[in-house]
Amino acid sequence: MHIDLDSFYASIEEVRNNSIKGKPIVICVYSGRTQNSGAVSTSNYSARKLGIKSGMPIVLAKRIAMNKEVVFLPVDIEYYREVSDRIMNLIEEESDTLEQVSIDEAYIDVTEKTNSNWNKAIQVANTIKQKILSQEGLTASVGIASNKFVAKIASDFQKPNGLTLVKNEEIIPFLENLKVSKLHGIGEKTARVLNEIGIETSKDLSKCDIKVLEEIFGKNKAKLLHDKSLGIDNSIVESKKKKQLSKIGTLKEDTKDKKVIFEKIIELSNELNQKIKRDNVSFRTVSLITIDIELKTHIKSETISQANDIQRAVPVFKQLLNNYIEKNSEKKLRRIGVRVSNLEFFNSQRTLDEF
DNA sequence: CGACGTGTAAC
DNA sequence: CCTTTTACACGTCG
């Protein structure tokens with residue numbers, strides 16, 4: 001089963017403030033560069049009808065919103081996480097296994113609990129939907145199928161507040177007419193390449209000779225694409241450990257001034273350190289993410305001995321920045337980020353100052 | 001085989 | 001006009 005909280009951030013804000021309920025709501029990530037620089041994180045369905053969508057520049061959204069009553073709010077991720085945690089706990093209680101994939105999405109396995117009975121699965125889904133509604137005032141869209149991939153697409157089929165069951169014999173007819181870009185894992189690039197060779201729908205893809213796909217995408221990806229077209233997915237529902245933590249930010253203005261950039265690195269490092277402490281992890285690999293004025297991203301990394309505090313990473317960031325500036329003396333930077341990976345989790349038991 | 005950089009994808 | 005965070009595959013190098 002795949003459970004997707006409907007326009008999560010925007011819906012939470014509606015619950016928080018009854019006076020904006022039903023109005024178009026746009027949740028924004030302000031970059032702090034100018035008054036309205038930044039992007040739209042989430043909009044509710046009322047705002048989507050106007051054409052305000054995720055990822056859109058805020059300035060553009062405001063232009064569309066001109067002369068209309070549209071509510072713009074900044075993201076309050078801390079609060080959304082609290083709500084999310086409560087909901088995930090509630091979902092977990094109704095599941096054999098929970099796999100949370102993001103703040104507003106989860107897969108659950110209910111094979112045991114339902115004895116592989118579709119009707120029982122629908123009951124479980126409705127119980128979960130009802131609890132989320134009564135306890136948090138939010139709606140969710142649910143997809144039920146015999147694998148994660150089909151469940152994911154099913155949850156997207158009727159939104160918001162949907163419930164879609166796809167039984168095994170319904171998988172092919174269900175997928176058949178979908179555009180390839182609707183298949184989870186096929187993004188913009190892959191869809192474009194497929195379109196170029198005349199493949200528009202899932203059906204087209206399933207009929208395409210695997211050899212042809214191998215020519216273009218290589219053996220592994222070809223198999224993956226072919227499986228997707230037939231709704232085949234053997235991956236299991238399992239909770240996964242985080243593999244990296246990062247924090248990225250936008251510079252006040254494009255610059256190549258080492259001092260200015262490093263100040264931002266320090267600021268981001270402190271924020272990243274909070275995450276490191278919160279998750280109680282140590283790290284071995286340290287990366288500096290640079291995004292230049294053309295929005296091209298570069299990542300430079302270095303692996304060090306195990307550390308549990310960002311203090312150990314800061315000199316590495318400095319070094320990586322020096323290297324970058326040396327090699328790209330002409331290029332100004334727009335954004336900068338810090339990342340740690342090669343993580344190891346600790347029991348709260350273990351004392352940390354042994355490093 | 002581990003480390004690293006890049007591309008793709010999703011949220 | 002252009003945010004943030006994470007994952008994973010693949011090629012390459014030593």
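So you know, we letter chains A, B, ... as the sequences are listed, proteins then strands, and number each from 1.
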Give the rounded distance in Å between these two atoms: [atom1] of [X] and [atom2] of [N].
X      : N      : atom1 : atom2 : answer
A/I248 : C/dC2  : CD1   : P     : 15 Å
A/K219 : C/dC10 : NZ    : C1'   : 16 Å
A/Q244 : C/dT4  : CD    : P     : 16 Å
A/Q100 : C/dT5  : CD    : P     : 17 Å
A/L333 : C/dC2  : CG    : P     : 17 Å
A/L225 : C/dC8  : CG    : C1'   : 15 Å
A/I291 : C/dC2  : CD1   : P     : 14 Å
A/N342 : B/dA3  : CG    : C1'   : 9 Å

Nearest-nucleotide pick for [X], side chain only, options being [options]:
X      : options              : result
A/K243 : C/dC8, C/dC2, B/dC4  : C/dC8
A/P57  : C/dC2, C/dC10, C/dT6 : C/dC2
A/K242 : C/dT3, C/dC2, C/dT6  : C/dT6
A/S37  : C/dA7, C/dC2, C/dT3  : C/dC2
A/V59  : C/dT6, B/dA3, C/dC1  : C/dC1

Starting from the 5' end of DNA chain C, give me the residue, A/F217 or A/I289, whose nearest nucleotide shows up first.
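Per heavy-atom nearest nucleotide, the more 5' residue is A/I289.
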
Position toward the 5' end of DNA chain C (nearest nucleotide), A/L272 or A/R63:
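Between the two, 5'-proximity favours A/R63.
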
Can you see whether A/N168 engages A/S146 through a side-chain donor-acceptor pair at a distance of less than 3.5 angstrom?
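A/N168 vs A/S146: donor-acceptor pair found between side chains.
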
Is A/D292 salt-bridged to A/K331, going by a charged N under 4.0 Å from an acidic O?
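Yes, this pair counts.
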
With a 4.0 Å cut-off, would you call A/D4 and A/K159 a salt bridge?
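A salt bridge is present here (some side-chain N lies under 4.0 Å from a carboxylate O).
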
Presence of A/T303 side-chain N/O under 4.0 Å of B/dG2 phosphate oxygens OP1/OP2
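No, outside the criterion.
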
Residue-phosphate contact under 4.0 Å: A/R33 side-chain N/O, C/dT3 OP1/OP2
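No, no such contact exists.
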
Sequence neighbours excluded, which residues qualify as side chain to side chain donor-acceptor pair (under 3.5 Å) partners of A/S155?
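In terms of side chain to side chain donor-acceptor pair (under 3.5 Å), with neighbours along the sequence ignored, A/S155 is linked to A/H2.
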
NA contact type, [X], heavy-atom cut-off 4.0 Å: base, sugar-phosphate, or nothing?
X      : result
A/T250 : sugar-phosphate
A/I77  : nothing
A/L60  : nothing
A/R192 : nothing
A/K62  : nothing

Let me have a per-nucleotide readout for nucleotides 5-11 of chain B, 5' to 3', with B, S or -, counting only protein heavy atoms under 4.0 Å.
SS-SSSS

Once ring-ring contact (aromatic ring centres under 6.0 Å, His included) is applied, what residue pairs with a partner in residues 131-190 of chain A remain, sequence neighbours excluded?
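Residue pairs passing ring-ring contact (aromatic ring centres under 6.0 Å, His included), neighbours aside: A/F157-A/F174.
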
Within 45 degrees of the axis of the six-membered ring of A/Y324 and under 6.0 Å from its centre: does A/K300 put its NZ or CZ there?
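Because its charged atom misses either the 6.0 Å distance or the 45° angle limit, A/K300 does not stack over A/Y324.
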
Can you give me the closest heavy-atom contact between A/I132 and A/A140, atom names plus distance?
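Closest approach of A/I132 to A/A140: CD1-CB, 4.2 Å.
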
NZ (A/K252) with more than 12 external heavy atoms under 6.0 Å:
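Check fails, neighbour count at 12 or below.
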
